[in-house]
Amino acid sequence: MKSPLLCWLCLIATQDGRYRLAEILAATALGLDLSTVSAAACGQFAMAHEKLGRNRSDLGLRPAHLNESLFREVTAHLGEFIECKPASVDARTSILADITKTQLSKVIGHRAFDMTVKNKDGVIETVSMVMKSKSSDVETCNMVNKMAQGCGLDLAIQYENFKMETGFRNCHVRELEMLSHTDARYVDITPRTFYMRNNVKKEVFIHFMEHLQDMKHFSTADDPSPWTPDDIRLVLSDIAGFHAIYYGKEAELLTKYWIDVRRPADMGEKEKLWTALVGHNGTEHPEIWTEEICDLAKCIIPHISEIWKHFEQSTRTLVHNDFNTRNLCIRPASRSTDGKEHLCCYDWELATIHVPQHDVAEFLVFTQPADKCDLKVWESYMSHHRTALEQQAGIKIDPTRYQLTFDMVMCDLLVNRIALYGMAHTFKDYLFHKRTVWAVAGYLWERKDVSEVLSFLH
């Protein structure tokens, strides 16, 4: 039997053999390229590197790290640690944690604990806490990208192109950086923080905060009925106070390394991505993303760059950027330092520079009826926030300009944030999704006949 090497030598010894060898080498190279491109397009290339390379056992928070040593460190400022017992926490609407926690061997998401300590007065007390552990931004983007790969070839290809450009960059450190803010207008509207650790080298991004499940309207994303007009105005007043901290101070915000700034040109480049998202949602969820709503979104997409130019030319501030009833509730007077009810807002990992109307719009989309849109009610809430922001920031805000920017935000919400919810809805039934899609579309249909800026929606 001839050896393989002898066969190769015999092959290239002839004129025809040289051509045949060239064909074999070319086919091999082409096959390798096709394999690599295909793996990248469907997300397997990055995932393989993540699984076989970076996702090492020495990185991230592991189950073994949840031990007495950590709990003593967490409770050191409260007194002498006695014991820790696991508790329950409702995190049903936590989308990013849902995406990553089942795919990584790290401890990701929310875990609740009842910490028993002897305080400095010698009294034994139990403090209920929730630990939140974040995956890195690269891990999060890869997981969202993996989800996109299951939504058809068109969306898979488009999302792969922009997976690090859809608002999740630095999401693992943004919330931890926000915890360093000491302004009362932020501290008063956020959960009490007991402990935090931001270890980039070990990829450990955790913080322990007070348990919120006995707060008013906690976890009401699927049912907005408990929210009264007074509750909504209270939230808008308190978030206006936060918006006032950096209102008109964009240059200061741009110095912060963790801010993920989105530019008009960048948003315009994603036109094919937005189109693919809307197309997928229309095909996968036709009972939600009806033909009329998809047509509405397709009218907006070519104008996304113009919309973001308007945002860039408007007065911007630091916003929560995920401000809805998935991530906020009301602190009862009994748990407030001043004996009054206040907004309690958590999950700040998407905080960024934007117009303050973005937070207002997203909150109203989650709390207003989806079956009918009363523009007078919406406008009254906008006026309430604008007036509160004027008072807190000491600046007069043009009502017409405020309304115009709000309308632009609603257009952007439909094809950007709400459309991304649709992609997630493909894999998990988020009950709020239908209501929020219809609330945005309903508002835009009502406004397009009275707003010149929305004339393109015709």
Considering only heavy atoms from C-beta outward, does the side chain of Thr140 approach that of Met143 to under 4.5 Å? no

Please round to the nearest 0.5 Å and tell me the distance separating atom CD1 of Ile259 and atom CG of Leu253. 5.5 Å

Between His280 and Thr426, do the side chains contain an N or O donor and an N or O acceptor separated by less than 3.5 Å? yes

Does Asn321 reach the main-chain N or O of Leu350 with its side chain, forming a donor-acceptor pair under 3.5 Å? yes

Is the backbone N or O of Lys396 less than 3.5 Å from a side-chain atom of Glu390, with the two atoms forming a donor-acceptor pair by type? no

What's the separation between atom CG in Asn324 and atom CG in Asp347, rounded to the nearest 0.5 Å? 9.5 Å

Sole residue of Leu414, Ile301, Leu155, Thr283 in side-chain contact (heavy atoms from CB on, under 4.5 Å) with Val278: Ile301

Do we see a donor-acceptor contact under 3.5 Å between the side chains of Trp227 and Thr325? no

With a 4.5 Å limit on heavy-atom distance, are the side chains of Glu177 and Arg174 in contact? no

Is the ring centre of Tyr421 less than 6.0 Å from the ring centre of Tyr430? no

Contacts of type salt bridge (Lys or Arg N to Asp or Glu O under 4.0 Å), residue Arg72, not counting sequence neighbours: Glu68

Consider only side-chain N and O atoms of Arg262 and Thr352, and report whether a donor and an acceptor are under 3.5 Å apart. no

If we ignore hydrogens and angles and just use 3.5 Å, is the side chain of Asp238 paired with the main-chain N or O of Leu343 as donor and acceptor? yes

Residue pair Glu250 / Ile353, side-chain heavy-atom distance below 4.5 Å: yes

Measuring only between side-chain heavy atoms, which start at C-beta, is Val117 closer than 4.5 Å to Glu125? yes

Please answer whether the main-chain N or O of Met164 pairs with a side-chain N or O of Arg169 as donor and acceptor at a distance below 3.5 Å. yes

Between Asp231 and His217, a side-chain donor and acceptor under 3.5 Å: yes

Please confirm whether the backbone N or O of Thr190 pairs with a side-chain atom of Arg331, one donor and one acceptor, at under 3.5 Å? yes

Do His358 and His320 make the cut of ring centroids closer than 6.0 angstrom? no

Under 6.0 Å between the ring centres of Phe406 and Tyr443? yes

Looking at Thr367 and Phe363, would you say the former's side chain and the latter's main chain have a donor-acceptor pair under 3.5 Å? yes

With distance as the sole criterion, is a donor-acceptor pair present between the side chains of His172 and Ser135 under 3.5 Å? no

Does the Lys NZ or Arg CZ of Lys376 fall within the cation-pi geometry relative to Trp378 - under 6.0 Å from the ring centre and within 45° of the axis? no

Decide side-chain contact (heavy atoms from CB on, under 4.5 Å) for Phe311 and Asp412; before the verdict, give the C-alpha distance in whole Å, the side-chain angles of both, and the deciding distance to 0.1 Å. CA-CA 11 Å; Phe311 295 156; Asp412 180 65; 4.3 Å; yes

Taking the ring of His207 and the ring of Tyr195, is the distance between their centroids below 6.0 Å? no

Residue pair Leu277 / Val415, side-chain heavy-atom distance below 4.5 Å: no

Results of side-chain hydrogen bond (donor to acceptor under 3.5 Å, both in side chains) for Asp374 - residues two or more places apart only: none

Mind checking whether Trp348 and Phe323 have ring centres under 6.0 Å apart? no

Asp114-Ser128 side chain donor-acceptor pair, cut-off 3.5 Å: yes

Looking only at the side chains, is there a donor atom on one of Thr228 and Asp230 sitting less than 3.5 Å from an acceptor on the other? no

The reported gap from CD in Glu269 to CZ in Arg263 (rounded to nearest 0.5 angstrom) is 13.0 Å

Would you tell me whether Asp90 and Ser219 have side-chain atoms, one donor and one acceptor, within less than 3.5 Å of each other? yes

Side chains of Thr126 and Met115: does their closest heavy-atom pair fall under 4.5 Å? no

Under 3.5 Å, side chain of Lys256 to main-chain N/O of Glu252, donor-acceptor pair present? no

Answer yes or no: is there a side-chain heavy-atom contact under 4.5 Å between Glu165 and Leu273? no

Kindly say whether Asp266 contributes a backbone atom to a donor-acceptor pair with the side chain of Lys270 at under 3.5 angstrom? yes

More than 12 heavy atoms from other groups under 6.0 Å of NZ on Lys309: no

Give, for atom OG of Ser88 and atom CZ of Arg111, the distance between the pair rounded to the nearest 0.5 Å. 14.0 Å

Sidechain-backbone polar pair: Asn281 side chain, His285 backbone, donor-acceptor under 3.5 Å: no

Does a donor on one side chain and an acceptor on the other come within less than 3.5 Å for Asp407 and Gln403? yes

Side chains of Asn170 and Asp260: any donor to acceptor distance under 3.5 Å? no

Please name all residues satisfying side-chain hydrogen bond (donor to acceptor under 3.5 Å, both in side chains) with Glu175, sequence neighbours left out, ordered by chain then number. Lys132

Does the side chain of Leu444 come within less than 4.5 Å of Ile300's, by heavy atoms? yes

Is a side-chain donor or acceptor of Arg435 paired with a backbone partner of Ala370 at a separation under 3.5 angstrom? no

Could you check Arg386, Gln357, His385 and say which one makes a side chain to side chain donor-acceptor pair (under 3.5 Å) with Tyr402? His385

State the OH-OG1 distance between Tyr246 and Thr317, to the nearest 0.5 angstrom. 9.0 Å

Would you give the length of the straight line joining atom CG of Asp322 to atom SG of Cys171, rounded to the nearest 0.5 angstrom? 11.0 Å

Go through the side-chain N and O atoms of Trp289 and His433 and say whether any donor and acceptor fall under 3.5 Å apart. yes

Trp308 ring center near His303 ring center (under 6.0 Å): no

